[in-house]
Amino acid sequence: MSKFNTNLVHGIPCKENKTGAVNPPIYTSTTYAYPNAESAVRWDYARSGNPTREFLENQVARLENGDRGFAFSSGMAAIHAVLSIFSPGDHVVIGDQIYGGTFRLFNQFFKRWNIEFTAVDTRDSAAVKTAIKPNTKAIYFEPITNPLLHVTSVRAIAEIAQQNNLLVIVDNTFLTPYLQQPLNLGADIVIHSATKYLGGHSDVIAGIVVTKSKKLSDKLYFSQNAIGGILSPEDSNLIRRGIQTLSVRLDRQLLNTQKIVVFLQKRNDIKKINYPGIVGTPEHDVAKNECKDFGAVLSFEVQNINVIKFVNNLKLFQLAVSLGAVESLAELPAKMSHAELSAKELLACGISPNLVRLAIGIEDADDLIVDLEQALNAAK
Ligand SMILES: Cc1ncc(COP(=O)(O)O)c(C=O)c1O
């Protein structure tokens, strides 16, 4: 059995390449000819299956140690397909700090189809247990949340789910299979916004689902083919290519993040740093048991400086939402990613107007630190 980095680079080689090309071909055909009318063909219509997409789907399924992978045109399309396996009357317990787009899909779309949701702090096992009802079918959460970096134990949730015969659905966008493989910790379905670390270059929107069992794979395949939110062959190739460098990119991003945390810890204009790599926090204890490392996203509150001036003064960090790509980004959750929440709602979920979130890229850490330093000093 080859190891993780080898699997990143090679995937599961397809046998259809007759030219010696080292990369799998991009098949653009939407339809495939039958040798004769009674043939049982492997490929017929590209929504139902495409060799370029399938290469990517197999590549990620292997990295997550799952039964089967499914590639979608966005992370949201992937989440939609997963939730579509439930029926009216079903109830799902969800993390209270899941991605806002996911929350909107659940509460403004699936609720209309009579699927019920209860949001809880999934770090609190007792709260999760209390939220379970006779019609509960699944627990859906993000092991590391945005922008406050709350860490939930996949093992703890899986144990509760097993006792109650529930599915465990994990959005693993922040950690990627390089840092955590939720299926190995007891999850049943893993989801990625492949737009982030898997793609890694801020140039393609994509989503991935990996299932643990054949039964779930059959359900997901039905959703993917019936709803049709598939990833194009060209974008499948971009995500495949991004995945080849996932670990080398992340190794640099993780190192840069550690150096930036050390820099921030020394500043008296930084009040509170949210990063599970910081020893002595409950988040750290959970993350160190279940993750290879702590990710390359952090957030912090500033004090005694003007936060707007600070982010506007950044020169190397670009002021933008999203994360996971080669370039470093900064954002103000209260004004950008979470702008649709009222001041009261922001307060309720712990997002202060002074909270800044950084997604660290692969530049030289020294340059990133110089940029943060000059922007902080100029915001006094
Ligand atoms: C954790 C998480 N899940 C899902 C999504 C949605 O993915 P996409 O934007 O690819 O549709 C995002 C997007 O930011 C995200 O951060």
Side-chain angles (χ1 to χ4, degrees), residues 144-149 173-176 178-179 195-197 199-203 242 245-281 283-284 287 291-339 351-380:
I144 296 197
T145 64
N146 181 36
L148 294 172
L149 290 293
T173 299
F174 267 53
L175 287 167
T176 83
Y178 183 46
L179 302 184
T195 314
K196 312 295 183 327
Y197 291 100
H201 294 77
S202 299
D203 57 2
T245 57
L246 176 69
S247 62
V248 286
R249 280 185 283 112
L250 260 168
D251 283 344
R252 170 76 66 79
Q253 288 168 302
L254 295 166
L255 213 61
N256 284 354
T257 306
Q258 283 166 23
K259 289 181 181 171
I260 287 168
V261 168
V262 169
F263 161 76
L264 293 171
Q265 282 174 323
K266 290 190 196 132
R267 300 275 314 190
N268 55 18
D269 41 14
I270 304 298
K271 196 164 111 189
K272 179 169 185 252
I273 305 171
N274 303 302
Y275 183 61
I278 297 174
V279 182
T281 61
E283 314 295 331
H284 177 76
C291 312
K292 184 175 146 72
D293 209 301
F294 306 101
V297 173
L298 70 140
S299 65
F300 54 87
E301 286 178 32
V302 297
Q303 61 184 0
N304 306 324
I305 64 165
N306 182 322
V307 72
I308 308 271
K309 260 195 189 168
F310 164 55
V311 294
N312 285 347
N313 282 335
L314 289 165
K315 294 186 167 63
L316 194 53
F317 278 86
Q318 297 182 72
L319 196 51
V321 298
S322 200
L323 58 117
V326 290
E327 69 281 339
S328 294
L329 303 176
E331 72 123 350
L332 269 187
K335 292 247 174 274
M336 296 168 66
S337 58
H338 293 66
I351 300 176
S352 129
N354 285 330
L355 185 78
V356 178
R357 194 207 68 184
L358 302 181
I360 307 302
I362 65 167
E363 303 93 334
D364 282 299
D366 290 350
D367 289 336
L368 295 172
I369 289 169
V370 165
D371 192 32
L372 291 169
E373 192 165 33
Q374 65 77 23
L376 284 167
N377 291 343
K380 294 248 184 274

Any sub-3.5 Å donor-acceptor pair from [X]'s side-chain atoms to [Y]'s backbone N or O?
X: E327; Y: Q318; result: no
X: E363; Y: L368; result: no
X: D371; Y: K315; result: yes
X: R249; Y: G242; result: yes
X: N274; Y: P147; result: no
X: Q374; Y: N313; result: yes
X: Q253; Y: A325; result: yes
X: Q303; Y: N268; result: yes

Rounded to the nearest 0.5 Å, what separation is found between the [atom1] atom of [X] and the [atom2] atom of [Y]?
X: I273; Y: Y275; atom1: CD1; atom2: OH; result: 11.5 Å
X: D364; Y: N256; atom1: CG; atom2: CG; result: 7.5 Å
X: F300; Y: Q265; atom1: CZ; atom2: CD; result: 12.0 Å
X: K259; Y: L254; atom1: NZ; atom2: CG; result: 12.0 Å
X: L355; Y: L148; atom1: CG; atom2: CG; result: 6.0 Å
X: D269; Y: K380; atom1: CG; atom2: NZ; result: 4.0 Å

- side-chain contact (heavy atoms from CB on, under 4.5 Å) partner of F317, the single match among L329, I360, V356: I360
- Message: Out of the candidates L250, L246, T245, only one should pair with V248 under the side-chain contact (heavy atoms from CB on, under 4.5 Å) rule; please name it.
- Response: T245
Heavy-atom side-chain contact between [X] and [Y] under 4.5 Å:
X: F294; Y: L149; value: no
X: V321; Y: H338; value: no
X: E373; Y: R267; value: yes
X: K335; Y: V311; value: no
X: L358; Y: L298; value: yes
X: N312; Y: L319; value: yes
X: L376; Y: I270; value: yes
X: I278; Y: H284; value: no

- For the student: nearest non-hydrogen atoms of I351 and A334, plus distance: CG2-N, 4.2 Å
- Task: Would you name the heavy atoms of A375 and L314 that are closest together and state the gap between them?
- Result: CB-CD2, 3.6 Å
- Would the number of heavy atoms belonging to other residues, nucleotides or ligands and lying under 6.0 Å from NZ of K266 be above 12? no
- Please, which pairs that meet side-chain hydrogen bond (donor to acceptor under 3.5 Å, both in side chains) have at least one residue in residues 352-362, sequence neighbours excluded? N146-R357
- Of all residues at least two apart in sequence or in a different chain, which pass the ring-ring contact (aromatic ring centres under 6.0 Å, His included) check with F310? none
